[in-house]
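Just so it is clear: chains get the letters A, B, ... in the order the sequence lines come, proteins before strands, and each one is counted from 1. Fair warning: this is a prediction, and the values are worked out from it, not measured in the lab. All heavy atoms count here, side chains included; hydrogens, waters and symmetry mates do not.
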Amino acid sequence: MEYNHKEIEQRWQQYWKDNETYKTEVEPGRKKFYVLDMFPYPSGAGLHVGHPLGYIASDIYSRYKRQQGFNVLHPMGYDAYGLPAEQYAIQTGQHPEITTNANIARYREQLDKIGFSFDWSREVRTCDPEYYRWTQWAFMQMFNHWYDRAEGKARPIAELVEHFSKYGTEGVNAATGKDMEFTADEWNAMDERRQREVLMNYRIAYQGETMVNWCPQLGTVLANDEVSEGVSVRGGFPVEQKLMTQWCLRVSAYAQRLLDGLDDVQWSESLKETQRNWIGRSEGAEMRFGVADSDIELEIFTTRADTIFGVTFMVLAPESAYVPMLTAPEQKEAVEAYLNEVKHKTERERQIDRKVSGVFTGSYAINPLTGKKIPIWISDYVLAGYGTGAIMAVPAHDSRDYAFARHFNLPVIPLIEGADVSEESFDAKEGRMINSCGPDLDLNGLEVKEAIARTKRHIEEKGLGKVKVNYRLRDAIFSRQRYWGEPFPVYYKDGVAYLMDESVLPLRLPEVDSYLPTSTGEPPLGRAKGWVTPEGYPIELCTMPGFAGSSAYYLRYMDPRNDKALVGKEADEYWRNVDLYVGGAEHATGHLIYSRFWNKFLYDLGYVVEAEPFAKLVNQGMIQGRSNFVYRIKDTNTFVTYGKRKEYDTTPIRVDINLVNNDILDTEAFRRWRPEYADAEFVLDADGKYRCGYAVEKMSKSMFNVVNPDDIVERYGADTLRLYEMFLGPIEQSKPWDTNGIDGVHRFLRKLWNLFERAEKNDTEMSREEKKSVHKLIKKVTADIENFSFNTSVAAFMIAVNELSALKSVSRESVELLTRVLAPFAPHIAEEFWHRLGHEGTVVDAQWPEWNEDYLKEDIKKYPVSFNGKTRYTIEAPADAPREEVERIALADANAAKWLDGKTPRKVIVVPGKIVNIVL
RNA sequence: GCAGAAAUGGUGGAAUGGUAGACACGAAGGACUUAAAAUCCUUUGGCCUUUACCGGCUGUGUGGGUUCGAGUCCCACUUUCUGUACCA
């Protein structure tokens, strides 16, 4: 019989479906393993061959773990809220839900063809009310909690209210937007509206007026991770800074815990580093500078307290609250002109145009250590959002301050011995201090590190400021002025936000007649009829951002149909957290931060048992497209083969890769492709073939380089696709898709099929050679799966099948073992073999075999080598042989080979399990 | 600028500090065929030697170092990719 992948794959996919082979339940007493893929956003373009790469890897791992006896949770779902569906709805008027459902159906069809072991009974969709009620529920919990720094966890807001009514702010150490101080009497005297305003400053989900990334084209605000290089990640539209009142999540309260938690997870070093940078912890000091002829004190943050004697001016961010206070009357006009200029620059312009600019306020600060007067300037190189929005400038030892000082001709005082600051600043934190002696403090002669510590101590003792840790991580902006997202269970009374009762959950997304903002500029929900509470109070018009729904989906998979809780106690205590998470590294500063935050918050409240959601994480690389080019001679319809293109004046043109095979163009198909190429002429290579050029680019329709997995499955089968994607290279590496090599993998499966047919009925015992080949394979594949090195395991299968095929006789037992280890990689063909071997049930539960080291022992190999003019005799030692024994054998062997020639060896090097060298 | 990763044949890529280039693609030659496809066999880093067998030299971005032994470890440099950036 021939290997018929279509028939086999259809049959077993149906069998798995009929028998609910992949359905998983909580089984107390059985060890669990949770394997998760980052769920996809179902785009209209469907899946291309790059998407399943990570799913295949995680599927192999899941099946392997299941064969080892683990109860494996391996779910899949859809991140269904997102901008593209809404943009499409705006253009077509079609409800995004319709588009989204159609896309999901298409994704499901494509995924099913690849033979994944997903438990689809646990599917979640972020846009499903039964799912998003728990997203809304989590928001309500965040609204009703505050972060207690003293206890290092979230606590109910009711406890804070009680504390305020008894003691005021005394003894409260909370993560807040701005520090507040009031007594119990003052609190009790406040009206409800005022009290709620105060509490807003403490809530973990709060409304705050902040500088936000506003994208006019998308009509919405964006989180920091949704903006890159001044444009929106989705769509690439310009983004500007705008002061707006928005819902925010107090992620910054968890900065230190998010940082510390990274030590407890097995993630790649680069990903952890990206998160550490994003959190951006910096230790320094917050210091107050007095202002001349004024009571105002200017607070600044610095990591270089040691450079205080070199401060020659101060700089405020243009948005700083100090600006109006410190602008002297005679400078008013100049300052306003400057502020105006800065305001009209978008973030992108600010980044591109890095000209030094600024204006003098007319005020002077007093250096607290020297008593000297120093001018206060305003410049946009100081950011309002970091630290206090004001800095002390040390031009000699900070390149930005240096550029500013040179431009405005301000003094530069070098503070480090030997530092030449005539051309540029000396930024390194090393060297000995000079010029650093004041009335109370002498730093001269100290190393920079000592000087920093010394100065910090000094300013704390003298009450000039305090030691402070700053984080770059900002609170997440949580509202979007869009339609296609989770509505907030929030209404407004007297302009103050109140939570709706939990009984309204899920608060369903209402219908609207159009997905555009209203004529008054309100978000699309402003068009929804009856979008008010029963009492007639208006409901929040913004919706939640994309990351809301994806922040806790891994928890919901554990208990997806529970209508009492996000996840029930029993399910959570059994499944705990994700043992293996597979997905792209592009989520490092978005999803992977937000869901860790979300999880830690729920952990504080006692709803989840693990502090870190993803114990181990593997980043799969991106699969890029491989575009092909033809070369047209300018102003003609003649195309030149790649090798001869330089002999003419040609323009490269992308050609559909379906017309190309191994870079050879099907010229007839090319003529039929587009009417304008119908009478195309070709300049060919000597062998009469037209060779195309190629380039590695993003896989996209417009580049004609998209490869659809359905086509591959149709032609070669799912097992071939799975093996080939793994064979392409290391899973973490980005690489171009190249269909050219797929024949090799398909050939392997056919050889395997033939081998099986030959061995199926052979009841003889395994020969020594068979044992060696098969056990070598088991050992290799087991180690490779643990290391996520799937490309080398595919190679190992090929070697084993080649070795076995070359033998005169192959026993049934050999192919039985082969089937067990092949099952995670090529489940369809393995299932076929499994049943033909007479097994009941499914190969998914076939026990993972152990290998026997005894079968792998090699004969001692010997080979003489010469090196560096000295001759050496080398033999390979068996792995388990004792050192003396190996040395004795080696010497005897060398002697027998007449190699020693009666001489005494100068040196004998024995490395157990390695190689023995005898040096003369 | 900073951080991380990487650099091996025509290509994708293998190699716990121990025979570099596994496995596969491509290419070349051959078998089968009227022919093509498919399949099978042989060769395939470079240079040299030999009728052939056998052999030799060289070779993992560059320059040093550690080691009996380095693609692998250390130092410096070059290039590429990824992330991030007036973060004080």
Side-chain angles (χ1 to χ4, degrees), chain A residues 224-225 228-229 268-278 280-282 284-285 300-305 307 315 317 350-351 354 356 379-383 385-394 397-401 403-404 427 470-474 585-586 588-589 619 621-622 626 662-664 694 723-724 727-730 732-745 747-748 750-751 754 780 783 787 789 791-800 802 861-868 870 872 874 876-877 879 906-911 913-919:
Chain A
N224 280 345
D225 69 284
S228 178
E229 295 179 0
S268 73
E269 210 37 57
S270 67
L271 191 72
K272 285 191 194 181
E273 205 52 36
T274 305
Q275 286 214 345
R276 287 195 189 106
N277 290 342
W278 190 259
R281 180 191 158 103
S282 64
I300 59 98
F301 176 75
T302 181
T303 54
R304 291 296 301 271
T307 59
V315 189
R350 226 166 134 162
Q351 279 184 12
R354 289 250 176 112
V356 176
S379 174
D380 65 356
Y381 84 87
V382 174
L383 303 178
Y386 185 77
T388 60
I391 61 155
M392 62 178 214
V394 186
H397 302 291
D398 183 289
S399 52
R400 296 154 299 180
D401 297 344
F404 194 82
D427 290 17
N470 250 323
Y471 299 91
R472 201 184 74 103
L473 183 71
R474 315 286 173 80
E586 68 273 17
T589 55
N619 295 122
M622 295 257 271
R626 190 176 184 280
N662 283 339
D663 289 339
I664 309 288
Y694 74 90
L723 284 168
Y724 186 57
F727 187 64
L728 271 178
E732 313 85 4
Q733 221 166 79
S734 286
K735 58 232 157 193
W737 176 266
D738 185 358
T739 309
N740 289 342
I742 201 167
D743 286 317
V745 171
R747 253 195 292 273
F748 155 73
R750 282 209 302 269
K751 272 188 214 163
N754 293 337
K780 175 78 176 144
N787 295 328
S789 175
N791 56 332
T792 51
S793 23
V794 177
F797 280 115
M798 292 177 175
I799 294 168
N802 280 340
K861 279 192 255 162
K862 46 185 175 256
Y863 44 92
V865 183
S866 81
F867 173 77
N868 273 0
K870 286 171 227 147
R872 76 186 44 229
T874 309
E876 199 169 292
R906 194 162 62 89
K907 205 179 240 177
V908 182
I909 302 133
V910 181
V911 186
K914 301 277 172 61
I915 275 175
V916 184
N917 288 311
I918 305 164
V919 184

Notebook entry, point to check: Using atom P of each nucleotide, how far apart are U8(B) and C81(B) to the nearest Å?
Noted result: 14 Å
Note to self: Is any side-chain heavy atom of Asp401(A) closer than 4.5 Å to one of Ile391(A)?
What the structure shows: yes
Item checked: Proximity to the side chain of Arg747(A) - top-ranked nucleotide from C40(B), A88(B), G83(B) -> C40(B)
Margin query: Under 4.0 Å, counting only non-hydrogen atoms across every strand here, what does Ser399(A) touch: a base, just sugar-phosphate, or nothing?
Written below: nothing
Notebook entry, point to check: Arg750(A) side chain: which of A22(B), C87(B), U39(B) is closest?
Noted result: U39(B)
Item checked: Closest non-hydrogen atom pair between Asn277(A) and Arg472(A), with its separation -> O-NE, 3.3 Å
Next item on the list: For nucleotides C77(B) and A3(B), find the distance between their P atoms and express it as a whole number of Å.
Entry: 12 Å
Next item on the list: Starting from P on A14(B), measure out to CZ on Phe727(A) and report it in whole angstrom.
Entry: 10 Å
Item checked: Rounded P spacing from U60(B) to G9(B) in Å -> 9 Å
Next item on the list: For nucleotides G71(B) and G21(B), find the distance between their P atoms and express it as a whole number of Å.
Entry: 12 Å
Checklist line | Ser282(A) side chain near A88(B) phosphate (N/O to OP1/OP2, under 4.0 Å) | finding: yes
Check: Does Asn791(A) make a side-chain N or O approach to OP1 or OP2 of A14(B) shorter than 4.0 Å?
Finding: yes
Note to self: Need the glycosidic conformation of G9(B): syn if within 90° of 0, anti if not. Which one?
What the structure shows: syn
Margin query: I'd like to check Tyr724(A) versus Leu728(A) (side-chain heavy atoms, cut-off strictly below 4.5 Å). Are they in contact?
Written below: yes
Next item on the list: Could you tell me how the ring of Tyr381(A) sits relative to the ring of Phe404(A): parallel (under 30°), tilted (30 to 60°) or perpendicular (over 60°)?
Entry: tilted
Check: Counting only side-chain N and O atoms of Asn802(A), is one of them less than 4.0 Å from OP1 or OP2 of A24(B)?
Finding: yes
Next item on the list: Write down the distance separating the P atoms in U34(B) and A52(B), rounded off to the nearest Å.
Entry: 35 Å
Checklist line | Same-atom distance (C1') from C75(B) to A70(B), integer angstrom | finding: 15 Å
Next item on the list: Scan Arg474(A) against the nucleic acid and name what it touches under 4.0 Å (heavy atoms): base, sugar-phosphate only, or nothing.
Entry: base
Checklist line | Sugar-phosphate only, base, or nothing, as touched by Pro736(A) at under 4.0 Å among non-hydrogen atoms | finding: nothing
Margin query: From CD of Glu732(A) over to P of A6(B), roughly how many Å is that when rounded to an integer?
Written below: 10 Å
Note to self: I'd like to know if Arg400(A) reaches the base of C87(B) with its side chain such that a donor and an acceptor end up less than 3.5 angstrom apart.
What the structure shows: no
Checklist line | Sugar-phosphate only, base, or nothing, as touched by Glu273(A) at under 4.0 Å among non-hydrogen atoms | finding: sugar-phosphate
Item checked: Tyr386(A) vs A88(B): side-chain N/O to OP1/OP2 distance below 4.0 Å -> yes
Next item on the list: May I have the distance from Met798(A) (atom CE) to C25(B) (atom P), rounded to whole angstrom?
Entry: 7 Å
Note to self: Could you tell me how far apart Met622(A) (CE) and G12(B) (P) are, to the nearest whole angstrom?
What the structure shows: 19 Å
Next item on the list: Using side-chain hydrogen bond (donor to acceptor under 3.5 Å, both in side chains) as the criterion, list what pairs up with Asn470(A), not counting sequence neighbours.
Entry: none
Check: In whole Å, what separates the P atom of A22(B) from that of A14(B)?
Finding: 13 Å
Item checked: Nearest-0.5 Å distance that lies between atom NZ in Lys735(A) and atom CG in Asn791(A) -> 7.5 Å
Margin query: What's Ile391(A) touching, base or sugar-phosphate or nothing? Going by heavy atoms closer than 4.0 Å.
Written below: base
Checklist line | Touch class at under 4.0 angstrom, heavy-atom based, for Lys751(A) against every strand present | finding: sugar-phosphate
Next item on the list: Nearest whole angstrom, please: distance from the C1' of A6(B) to the CD of Gln733(A).
Entry: 8 Å
Margin query: Taking only the P atom of each, what is the distance from U51(B) to G61(B) in whole angstrom?
Written below: 37 Å
Next item on the list: Evaluate the ring planes of Phe797(A) and Phe748(A), with Trp represented by its six-membered ring, and classify them as parallel (under 30°), tilted (30 to 60°) or perpendicular (over 60°).
Entry: tilted
